[in-house]
Structures are given as structure tokens and as C-alpha cells.
Amino acid sequence: MGEQERSTDTLLRLYLTFFKMGMVTFGGGYAMLPILEREVVEKYHWAEKEKVLDYYAVSQGLPGIIAVNVAVFIGYHRRRVPGGVAAALGVVSPCIIIITIIAACLQNFQDNPYVQHALGGISVCVCALIASTLLGLWKKSVLDLPGFLIFLVVAALSLFTSVSPILIVIAAAVTGILIQEAKRRRVG
């Protein structure tokens, strides 16, 4: 198989993999994480689990949709710019298709009780997926007392104040760096 064929195969696989994730992921990037880990980390070995979590962390601080940002990172990691484009198109294509179909048929279905119940069931599923993702991120991120204290402060600021999330993320990052630097100096 020539280089051109392998390149096309990889780009098509990236597109189809992210298309599949986009089709079954309701609720955005957080709900996508368990599926992403299974496909990208376990099935295709395109990136390590820690790298995927890093992509998530960076994507949260970037403008735009987390799922698209993560797809671009993984696609770029795999096949550079064409890979990033293929992955991004794959993850957004289902949304475009579904929204187009729904918009065309909305008048016929908006009062249908089956559709309303289906959307209610999907909402519950999304909550469970997000809870699973949060638990996984907790296990990987809150490893010691300083991490737990940063979590508590960030949670309190997020829930009870109007402080910008951008400032909270920056402050948490700087605090984490300072704590690690202090630990390094103490040990070294």
C-alpha cells in the first residue's frame, strides 16, 4: 500500500471515527470522553490516555466547542493539518445533518410525546456520561491535599461568585505551578 493510500485511509478513518462519536455524543465534550478514550486510546492507539486528558484541559481554555477542539488536536497529532480538518469535520457532520433534518421536520414532531420522552431519556443519559467523566477526571487530577484544596477554592468561586472562569483557570494553573515548584525545591 502506497503512502498516498495510507494517508487517505488514515484521514477517512479519522473522519469516520469522529463522525461516529459525533452521532452518539449528546451533551458535548464531557459526554464524549468515555467514547473518545475507547476509540482513540484503546482501539486505534492514536494517543495515550494522559495526552487525551491534556487535550481536554487545553480545549476547555480555548474558544469554541470542546469536542471540536479535542478532535482537531487528535487529528493534528495523527496526520497534521489534514488530520485536524478530517477529525473536526467528522465530529460536526452529524450535528449538521441532524439539525438540518430536525429543522425540516420540526413542525411535525415538536408536540409528539414520544419525541419529548426520547429527549428526556437522552438528557438522563448525558447526565450519567458527564458524571462518569467527572469521576474519571477527579481520580486523575485530585491526587493530594493541595490539589483537593485548589478544587475546593475553584468550586466555591465558580458556584458562589461571578468571577470569570478564565481568571479562575489561570489562577488555578499558576497556583498549581507554584505548589509544584515549591515541592521541587523542597525535595531538590
S.K.: How about Val41 and Glu48: do any of their side-chain heavy atoms sit closer than 4.5 Å?
M.R.: no

S.K.: How long is the gap from OH on Tyr15 to OG on Ser93, to the nearest 0.5 Å?
M.R.: 3.0 Å

S.K.: Between Tyr44 and Ile74, is a side chain to side chain contact (heavy atoms under 4.5 Å, CB included) present by the stated rule, with each step listed?
M.R.: CA-CA 12 Å; Tyr44 292 115; Ile74 292 170; over 6 Å; no

S.K.: Tracing side-chain links under 4.5 Å among I, L, V, M, F, W and Y, which residues wind up in one group with Leu135?
M.R.: none

S.K.: Closest heavy-atom contact between Leu129 and Pro34?
M.R.: CD2-CG, 4.3 Å

S.K.: Which atoms form the tightest heavy-atom contact between Met21 and Val40, and what is the distance?
M.R.: CE-CG2, 4.1 Å

S.K.: Which heavy atom of Ala88 sits nearest to which heavy atom of Val68, and what is that distance?
M.R.: CB-CG1, 4.3 Å

S.K.: Less than 4.5 Å apart, any side-chain heavy atom of Phe18 and any of Leu36?
M.R.: yes

S.K.: Would Ile66 end up clustered with Trp138 when hydrophobic side chains under 4.5 Å apart are linked, directly or stepwise?
M.R.: no

S.K.: When rounded to the nearest 0.5 angstrom, what distance separates NZ in Lys51 from CZ in Phe73?
M.R.: 10.5 Å

S.K.: If you measure from the Lys or Arg side-chain nitrogens to the Asp or Glu carboxylate oxygens, is any gap between Lys49 and Asp54 under 4.0 Å?
M.R.: no

S.K.: Between atom NZ of Lys20 and atom CE of Met23, what is the distance when rounded to the nearest 0.5 Å?
M.R.: 12.0 Å

S.K.: Got a donor-acceptor contact below 3.5 angstrom from the Tyr56 side chain to the Leu33 backbone?
M.R.: yes

S.K.: First locate atom OG1 of Thr17, then atom CZ of Arg78, and finally report the distance between them rounded to the nearest 0.5 Å.
M.R.: 10.5 Å

S.K.: Taking Leu137 as the starting point, is it possible to reach Phe148 by hopping between hydrophobic residues whose side chains are less than 4.5 Å apart?
M.R.: no

S.K.: Side chains of His77 and Trp46, heavy atoms from C-beta outward: is any pair under 4.5 Å?
M.R.: no

S.K.: Look at Glu181 together with Arg184 and state whether they make a salt bridge at an N to O cut-off of under 4.0 Å.
M.R.: yes

S.K.: Determine the minimum heavy-atom distance between Ala87 and Gly75, stating which atoms define it.
M.R.: CB-CA, 4.0 Å

S.K.: Are Leu178 and Leu152 linked, directly or through other ILVMFWY residues, by side chains that come within less than 4.5 angstrom of each other?
M.R.: no

S.K.: When clusters are formed from ILVMFWY side-chain contacts under 4.5 Å, directly or step by step, what else is grouped with Leu167?
M.R.: Ile150, Val153, Val154, Leu157, Val163, Ile168, Ile179

S.K.: So for atom CG, which belongs to Leu159, do other residues, nucleotides or ligands contribute more than 12 heavy atoms lying within a distance under 6.0 Å?
M.R.: yes

S.K.: Is there a path of hydrophobic side-chain contacts, each under 4.5 Å between heavy atoms, that joins Val70 and Val81?
M.R.: yes

S.K.: Please round to the nearest 0.5 Å and tell me the distance separating atom OH of Tyr55 and atom CD of Glu50.
M.R.: 12.0 Å

S.K.: Quick check: closest heavy atoms across Val91 and Cys95, and the distance to 0.1 Å?
M.R.: O-SG, 4.2 Å

S.K.: Could you give the distance from CD1 (Ile130) to CG (Leu134), rounded to the nearest 0.5 Å?
M.R.: 7.5 Å

S.K.: Cluster question for you: counting only ILVMFWY and a side-chain heavy-atom cut-off of under 4.5 Å, with indirect links fine, are Ile65 and Val169 together?
M.R.: no

